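Scope of the values below: all heavy atoms of this structure, side chains included, with no hydrogens, waters or symmetry mates. Positions are given from 1 along the sequence. Just so we're clear, the structure is a prediction, and the values are computed from it rather than from any experiment.
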Amino acid sequence: MMSDDDPELLTLPEYAENAFINRLPPIRSLAEIQRSFNCPPIHTELDRRRGSEARMHACLRLLHYSQPTVQSRDVGLKIDMIMRQGYLGRNPGSSDWLRFAHACAVEEEREAKKDREKVGRRDPSGQGVLEQLSPTRDTSMSFMMVGPPGTGKTHSCATSLSYYPQVIFHTEPVQVAQITWLRIECPPDGSLVSLCRFFFAAVDTALRHAGFESDLQKRYRTKPLAVLLTGMARVANLHAIGLLVIDEVQHVGVNRKDGNSLLNFLVTLRNSIGISMLMIGTMTALPIVQRTFRDARRGDGFGSVVFERMPGAATTPPPGSAIAVADDERGAPAPIYGPAFEGFVKRMWRWQYTNTPTELSVGVLNALYSETQGITDLVVKLFILCQMRLMMITSARPDTQEIITAALIHEVAASSFNAVRPFIDALRNNDAKALAKFEDLMGSGDWFMKQVEGLGFAEQEPLHDVEHGAVHLPPMITEDGIDVTVVDQLLEGLGIAVKEREMIVARHRRLIESGDLAGLVSAVQKDRSALSATDRLRKDKPKEKPPTDEDDLRSRLKGVKDTSAIAGTITAVSLEESLE
């Protein structure tokens, strides 16, 4: 009788016969997947006795903190399933895979030849370029991860993928560097050209980290779109990419025309190569992606994993759900949070680096929920900033007890959460229209890193609160309107170049001076869409360097002043190259 850990019981017969699958790590149990998401920070009692400055650094350990959730477990399980299933139709021991690899190479050369001969030039679509390709057996699958920013989508994906070596080198039955997974971000402008370049850059990075030489990005840098698309299909098949992860897929909505072309190409790529896909995005991307994949009669494949913020309390709180510890100032108010939030904070609360442990109370829980609205990422970051605020006070007054109170939480949030305040307010008011506007602002993590880099304080002499000595950061909105520096930082986080940022600030000076934050965000979104439509969203392009190679045609023409002599010079250069 076989034991549960017998090798034959850890895999399936159809998996064992495929080299791309049987070289993957073994299938994990649900308990093993769940444990992989448990990442507690380093914490000892010795940490409490360290100086304030050292403990501030220790607080940053919480940036890597995570707890297992049902959603993260489902992501780990589904990634393993669709990766292995996608390989069933691509067996390196089968002649079909080799023939298909040759067909991909032929298709790329055909498009390159068309471009060289200027035959049939067009603005290609994914379907048109890859219509000649069709795998012998398509077993690919897909699913999507959606949810508000800060709910753990990207972290869950990254943790799940870390279980697999990204590159596996095979010598039998063929020599090939198998890439088990590849993650790229959807281009901010939703263009196919940018997607292809992101893809080649990611392949180069993966192969180089594994010790292989790869220069695909340089090779395809000047190629036309048709060659980029067929080249992407060839490389994806040649390196047997098991799972293609497309993050920030909500960017397809910025430029609807290019975005639809991008999604249609991804559907065609999956159909043509048989590669499994995982798409990650905010809720605004869900209807667009579902519609595109449904039109292709593929649905969203393996369903969607929805990451939601931790809900608030029900109308009547369940008995015993709140922690029965009275708040120091206001007694024991009715909890505004739900059981999931309470459980998350209780498990996190032990990781305090303050000199005095704070007992968790209903008032503190209410304050945390009010200021974060159950967004996991914000809960952890507010917990970090509150501790750091207390440590800054202790560095000036060593005898101070570092106690986290509800008042401190509200004050730190008021000074440090300015950039995400509109998003939190929209969540609190259940304003779906406003949430769609503020998602991208929330998705940029720059605001938090700026707080940490400055330890949450302005460079000027800090002002101390009368009540408990906390330090204030000058607010985003003052009597003079919205702080222009903060506006510029937000625009920079959205990828808008310097000149365009200056134009936007000048154009909306009235909204800035009047403090109309909601109006400003709405105006910026419209400007951003306009910039994307004219392909000006990306950063300022570097100036072209003058040619240094003597064989460069520009060098040959540098000394030619008479325009009538240019044609002769070019002919001479071409003749010289052909003789060589």
Side-chain angles (χ1 to χ4, degrees), residues 18-25 83 86-87 90-94 97-113 115-116 129-130 133 158 161-185 187 192-247 269 272-277 541-542 544-545 547-552 577 580:
N18 188 313
F20 288 153
I21 301 177
N22 62 36
R23 289 285 301 276
L24 293 175
M83 183 185 295
Y87 278 133
R90 293 183 289 164
N91 191 333
S94 167
W97 182 77
L98 294 175
R99 282 197 297 267
F100 186 66
H102 176 70
C104 291
V106 169
E107 185 68 13
E108 180 183 358
E109 177 56 31
R110 186 175 70 86
E111 291 296 340
K113 183 178 180 181
D115 180 69
R116 289 193 299 269
V129 172
L130 302 182
L133 299 177
L161 293 176
S162 66
Y163 176 64
Y164 309 91
Q166 190 173 14
V167 178
I168 301 173
F169 183 66
H170 296 261
T171 56
E172 294 291 341
V174 293
Q175 285 194 354
V176 60
Q178 172 191 2
I179 299 178
T180 59
W181 56 268
L182 196 73
R183 176 190 170 276
I184 58 177
E185 288 195 3
L192 277 171
V193 172
S194 298
L195 176 75
C196 293
R197 288 173 179 165
F198 287 1
F199 172 85
F200 291 127
V203 172
D204 283 344
T205 300
L207 293 175
R208 288 170 185 168
H209 283 175
F212 299 95
E213 292 185 2
S214 182
D215 206 3
L216 294 171
Q217 191 176 16
K218 182 178 179 180
R219 174 181 173 181
Y220 286 95
R221 183 171 53 195
T222 59
K223 300 296 183 182
L225 180 56
V227 177
L228 288 175
L229 297 177
T230 51
M232 184 174 171
R234 180 186 67 82
V235 171
N237 184 71
L238 175 65
H239 289 290
I241 297 177
L243 177 66
L244 183 60
V245 180
I246 311 293
D247 204 348
L269 181 68
S272 301
I273 307 298
I275 181 173
S276 295
M277 290 189 182
K541 296 181 179 179
E544 184 179 1
K545 295 181 179 179
T548 56
D549 189 353
E550 293 182 358
D551 294 331
D552 193 294
E577 291 177 348
E580 290 178 352

Quiz prompt | Point-to-point distance, once rounded to the nearest 0.5 Å, from CZ of Arg183 to CG of Leu161 | solution = 9.0 Å
Quiz prompt | Thr205 side, atom OG1; Ile184 side, atom CD1 - distance, nearest 0.5 Å | solution = 12.0 Å
Quiz item: Atom CD1 in Ile21, atom CZ in Arg90: separation rounded to 0.5 Å?
Solution: 9.5 Å
Quiz item: Under 3.5 Å, side chain of Arg197 to main-chain N/O of Gln217, donor-acceptor pair present?
Solution: no
Quiz item: Does Leu216 reach the side chain of Phe199, with side-chain heavy atoms less than 4.5 Å apart?
Solution: no
Can you give the donor-acceptor pairs under 3.5 Å from side chains of residues 231-246 to other protein atoms, not counting sequence neighbours?
residue, atom, partner, partner atom, Å
Arg234, NE, Glu108, OE1, 2.5
Arg234, NH2, Tyr220, OH, 3.0
His239, ND1, Ala177, O, 2.9

Quiz item: What heavy-atom pair brings Asn91 and Ala19 nearest, and what distance separates the two atoms?
Solution: OD1-N, 4.3 Å
Quiz item: Do Pro165 and Leu24 have side chains that get closer than 4.5 Å, going by heavy atoms?
Solution: no
Quiz item: Just by modelled atom types, is the Ala226 backbone N or O under 3.5 Å from a matching donor or acceptor in the Thr230 side chain?
Solution: yes
Practice problem: Look up atom CD in Glu185 and atom CZ in Phe198, then write down how far apart they are to the nearest 0.5 Å. | Solution: 7.5 Å
Quiz item: Asp215: what forms a side-chain contact (heavy atoms from CB on, under 4.5 Å) with it, not counting sequence neighbours?
Solution: Arg208, Lys218
Quiz item: Taking all atoms of both residues into account, what is the closest heavy-atom pair of His170 and Ile168, and its distance?
Solution: CD2-O, 3.5 Å
Quiz prompt | Non-hydrogen atoms of Tyr87 and Thr180 that approach each other most closely | solution = OH-CA, 3.7 Å
Quiz item: Can you tell me how far CZ of Arg221 sits from CG of Leu228, rounded to the nearest 0.5 angstrom?
Solution: 12.5 Å
Self-check item: Point-to-point distance, once rounded to the nearest 0.5 Å, from NE2 of His209 to CG of Asp204
Solution: 10.5 Å
Quiz item: Hey, is the main chain of Trp181 close enough, under 3.5 Å, to the side chain of Gln166 for a donor-acceptor pair?
Solution: yes
